[in-house]
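Below: the structure, in structure tokens.
Proteins come first, then strands; the chains are lettered A, B, ... in the order of their sequence lines, and each starts at number 1.
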Amino acid sequence: MPNAARLMAYPFEDIEPKWQEYWEDHQTFRTPDEPRQLSGEEKVYVLDMFPYPSGSGLHVGHPEGYTATDIVARYKRMQGVNVLHPMGWDAFGLPAEQYAIKTNTHPRDTTKENIAQFKRQLKSLGFSYDWQREINTTDPDYYKWTQWIFLQLYKKGLAYQSEEPVWWCEELGTVLADEEVIDGKSERGGYPCERVPMRQWVLKITEYADRLLEGLDDLDWPESTKEMQRNWIGRSEGANIYFDLVGVDDSLKVYTTRPDTLFGGTYMVLAPEHDLVDEITTDEHREAVEEYRQEALQKSDVERKQEDKTGVFTGGYAVNPATGEEIPVWVADYVLASYGTGAIMAVPAHDERDYAFAQKFDLPIREVVEGGNVDEEAYTEDGPHVNSANDDVDLNGLHNEEAQERIVEWLEEEGKGEHRVNYQLRDWLFSRQRYWGEPFPILFTEDGEDKPVPEDELPVTLPDIETFEPSGSPEGPLSNIEDWVNTTDPETGEPATRETNTMPQWAGSCWYYLRFIDPDNDERLVDPEKEQYWMPVDLYVGGSEHAVLHLLYARFWHKVLYDAGVVSTKEPFQTLVHQGMILGEKEYTTFVDPDGQYVSAERVEDGVDTRTGTEVERKELDEDEVEKDGDVFVLKEQPDVRVEARSHKMSKSRGNVINPDDVVDEYGADTLRLYEMFMGPLEQDKPWSTDDVEGVHRFLNRVWRLLVDDDELAVTDEEPEREQLRELHQTIKKVTQDIEHLDFNTAIAAMMEFLNAANKWDAVPREIAESLVLLLSPFAPHISEELWERLGHDESLAYADWPEYEEALLHREVVEMAVQVNGTVRGTIEVEVDADEEDVLAAAKEDENVARHLDGKTIQREIYVPGQIVNFVAN
RNA sequence: GCGAGAGUGGCGGAAUUGGUAGACGCGCAAGACUUAGGAUCUUGUGGAGGUCCUCCUCCGUGGGGGUUCGAGUCCCCCCUCUCGCACCA
């Protein structure tokens, strides 16, 4: 139903399609790509994280980042900079395949539909993408190069096969990567997963660990994201130490970051999965050890992480190389098989975990670093060493760092150990047992040897299939398609079979930013000249959920491509910004117990009244049913009942999802864009507010009415007044600086202030109207183009010159200054901008209220900050 | 527990090198125009107080101290929230 607001609104529903069509017809945002034509000219590459085109369409979170980059792209174009601003689709992925299984629809078809939907929605928002560069990771012309990159990794020995336990998820019919499994359940769907051994493709990202770590230093990225990557890589320095085993002809290798505490090592612990457990275990203990191992293997990670430590003695002993003592060897699941060597030397005096274990099993605790009280707790800080000497080496008195150096030196001399750098980063499990992914360009000959498909045979395309039933085994769906699996080796003509795993979804997004530079090149991944011109990406905007995986994998591939001479920069993304999450509207929630009584919010946890243990029901309240009492909200009617007041993540189940299409229908794309930028700082999470959307919409209406009266242009050709120019140039300065800093909310506020001032003028001079329209255009391009046209221009404003401010016009002749007495403002005075200090101070003293406060006091000090403040210190 | 970030009106949020806290918007209130108004326009709006109410006073940026002529901003201690990581030897 059209309400009154819509009837009064400017005709956005005509204007927006009109200009979207114009931009398309005129190819307004086509980026020239002849490098010779470009070289020497300034460029900027502004990139959004491309979306996965899901069936539910665009979410209001998408346009947030996309509008931010669009503003920058449009602003830079107007400054004469060459702008690359592309968009594409990360279209391989699990949802399309799950949907295929459910409905027997080919993922290609659903993907195509979803892309069409996303594209329509993005176009309706007026983003200035060069759609000629659109790419799609599922397009064989695209994944040909994904396969090509895999071959480079393969040829450099960075891709290998490994038989290792992986997460097999029965429900999804696939294995998952560690990072896709949370607490033994699939991240997507929450289905149970189990560890089974399987042949996998693995990428040696660990070989690049140090470079991935060092590369972070020079990037203009959020510190939190860099820190997360550093933690993920998890570099630590320490030593490998070898312990001889008693009665077994082998030695036990452990990794430790505290080799200096070696003299305090009073026992050893092996992970239950450790290879030497069988050998070390004595017959007497074998049964107990076996039992413990079985239990440990069946425990979930969560159970294994429980505080209470468990373990069992093997009966075996190892020799501490420093003390010569024989120390017992235990098996315990607090030692992880996947980190270090899967075995540790336990130093209970100086490690909290070992301390807890030693306490529980009554193992000796020997202090070797002074500073704490090891009768009470482990001491993990620095301190002088004690009890740490043998005939060859003496650490006593040394502090941690020196002691570490000394002992490692000694161990190396003795051949009992060596300095060692370790990482938490694991190699990247790169294969998936799915249909909807890039096939590997790998063949297996009849004797089982793997060999690459020759580059000129790429791409290896996905076969067409008719049913999407899971194969029911960890082998993927492709293994059932015999025509495809059975092929011939193009080099020898011998029979061969194809690799039936496919690549994970991360593959296509690891390098898409390069393909945008040269999307149609069928000779190479990217033309080197073009690559050199456009790279690196100058501004990359996307969600912080990709802080580690996508951004680390892409950096890894980029470095491999750098080594291969394909790219010219060491890092792909120079500046990175994460847009915040858009939350649902603020909700006021109260809780009601089964008797119908309100339960105050602080007493409720997980839907249960913590006092009585009974379940409570949620009840949504209207804003006017609550009021603020101190720091909290309470029921108006019953002020002792606290109310929960917060915004929640948008979700279907909560029913608080805002659909961008609805907002565009009701208020127009310019309003949606402007509102999302006005909500607050880009990086911050922000709650949606429909009232605020209307406020922004009103602003656009006021802009329209300022310049258009009854469908006629309403500007004057008279020269602007000095004060009008000052207002304008102040706004130009603020908007320009704010765009540079991505402070879009304050840029919009500045334009609103300007409008409030201009609304008081009798008429708006054309010159000023034009500048205002240009300033607004990156934010609200449709209304701006329309006004620009009505101002008499017959070309798009997309390449019009961005307004520049004149410093001289910014200054007022008279400024207002605050006058303080003892630090409290007591009056304001108007002074000439170039007035002398003496005159200002005199005027300040004359102010009636200031004089009153100075009366009877002696001025001790006069502080004068030109243009800002006067402060009299008096007593 | 560790790491990072953040606490400012009824709400979203502004505040250069420390220099008039609360820009801008929402909401709210009063008025104007109107058959009507949930449209539009104007004005007001942090709280408390004042016999000079187009004026003045006091209090106010999570809490407590400190530095300074002056602190939302700098320093120390504490509290709360959000997000990561979480037996990594």
Problem - N or O in side chain of A:Arg861 less than 4.0 angstrom from B:C69 OP1/OP2 - result: yes
Exercise for the section: Whole angstrom is fine here: how far is it from CZ in A:Arg826 over to C1' in B:U57? Expected result: 8 Å
Problem - Syn or anti for B:C53 (syn when the glycosidic angle lies within 90° of 0) - result: syn
Practice task
Let me know the distance between CG of A:Asp691 and P of B:C28, rounded to the nearest Å.
Solution key: 8 Å
Exercise for the section: Specify the separation, in whole Å, of atom CE of A:Met268 and atom P of B:A89. Expected result: 16 Å
Practice task
Kindly determine whether A:Phe12 and A:His697 satisfy ring pair (Phe, Tyr, Trp, His ring centres under 6.0 Å), including the steps that lead there.
Solution key: CA-CA 11 Å; A:Phe12 62 83; A:His697 187 62; 5.7 Å; yes
Handout entry: Euclidean distance, atom NZ of residue A:Lys760 to atom C1' of B:U43 [Å, nearest integer]
Key = 11 Å
Problem - Residues A:Glu545 and A:His578: side-chain donor-acceptor under 3.5 angstrom - result: no
Problem - Polar side chain donor-acceptor pair, A:Thr590 to A:Glu644, under 3.5 angstrom - result: no
Exercise for the section: Can you tell me the distance, in whole Å, between the CD atom of A:Glu585 and the P atom of B:G27? Expected result: 12 Å
Practice task
Please determine if A:Lys309 forms a cation-pi arrangement with A:Tyr334, meaning its NZ or CZ atom is less than 6.0 Å from the six-membered ring centre and no more than 45° off the ring axis.
Solution key: yes
Fill in the blank from the handout: To the nearest angstrom, the NE2-P distance between A:His350 and B:A89 comes to 17 Å
Exercise for the section: Give the nucleotide from the list B:G25, B:A23, B:A89 with an atom nearest to the side chain of A:Phe678. Expected result: B:G25
Practice task
Look at A:Gln684 and B:G13 and indicate whether a side-chain polar atom (N or O) is within less than 4.0 Å of OP1 or OP2.
Solution key: yes
Exercise for the section: Would you indicate what A:Asp354 reaches in the nucleic acid, counting non-hydrogen atoms under 4.0 angstrom: base, sugar-phosphate, or nothing? Expected result: nothing
Exercise for the section: Classify the nucleic acid contact of A:Asn422 as base, sugar-phosphate or nothing, counting any heavy atom under 4.0 Å across all strands shown. Expected result: nothing
Practice task
Mind checking which stems touch RNA chain B? I mean at least 3 consecutive Watson-Crick or G-U pairs, both distances under 3.5 Å.
Solution key: B:1-7 with B:79-85, B:10-12 with B:24-26, B:27-32 with B:40-45, B:46-50 with B:55-59, B:62-66 with B:74-78
Handout entry: Phosphate OP1/OP2 of B:U57 contacted by A:Asn849 side-chain N/O (<4.0 Å)
Key = yes
Handout entry: A:Arg698 vs B:G27: side-chain N/O to OP1/OP2 distance below 4.0 Å
Key = yes
Handout entry: Rounded distance in Å - CD (A:Glu227) to P (B:G5)
Key = 9 Å
Fill in the blank from the handout: Regarding B:G7, purine or pyrimidine glycosidic angle vs 90° from 0 gives anti
Handout entry: Salt bridge present between A:Arg230 and A:Asp217 (N-O < 4.0 angstrom)
Key = yes
Problem - Side-chain N or O of A:Arg702 closer than 4.0 Å to phosphate OP1/OP2 of B:U40 - result: no
Problem - Atom-to-atom span, CD of A:Glu683 to P of B:G13 - whole angstrom - result: 13 Å
Practice task
Report yes if at least one side-chain N or O of A:Tyr255 is closer than 4.0 Å to OP1 or OP2 of B:A89; otherwise report no.
Solution key: no
Problem - Presence of A:His853 side-chain N/O under 4.0 Å of B:U57 phosphate oxygens OP1/OP2 - result: yes
Completion exercise
Rounded to the nearest 0.5 Å, the CG atom of A:Asp670 sits from the CG atom of A:Leu700 at a distance of 6.0 Å
Between the protein and nucleotides 17-20 of chain B, which nitrogen or oxygen pairs are less than 3.5 angstrom apart?
{"from": "B:U17", "atom 1": "O4", "to": "A:Gln868", "atom 2": "NE2", "distance (Å)": "2.9"}
{"from": "B:G19", "atom 1": "O2'", "to": "A:Gln868", "atom 2": "OE1", "distance (Å)": "2.5"}
{"from": "B:G19", "atom 1": "N2", "to": "A:Gln820", "atom 2": "OE1", "distance (Å)": "3.4"}
{"from": "B:U20", "atom 1": "O4", "to": "A:Glu816", "atom 2": "OE1", "distance (Å)": "2.8"}

Practice task
Look at A:Arg230 and B:A4 and indicate whether a side-chain polar atom (N or O) is within less than 4.0 Å of OP1 or OP2.
Solution key: no
Exercise for the section: Please check the phosphate of B:A39 (OP1 and OP2 only) for any side-chain N or O of A:Asn701 closer than 4.0 Å. Expected result: no
Practice task
Under 4.0 Å between any heavy atoms, over every strand shown, what does A:Gly340 touch: base, sugar-phosphate, or nothing? Just pick one.
Solution key: nothing
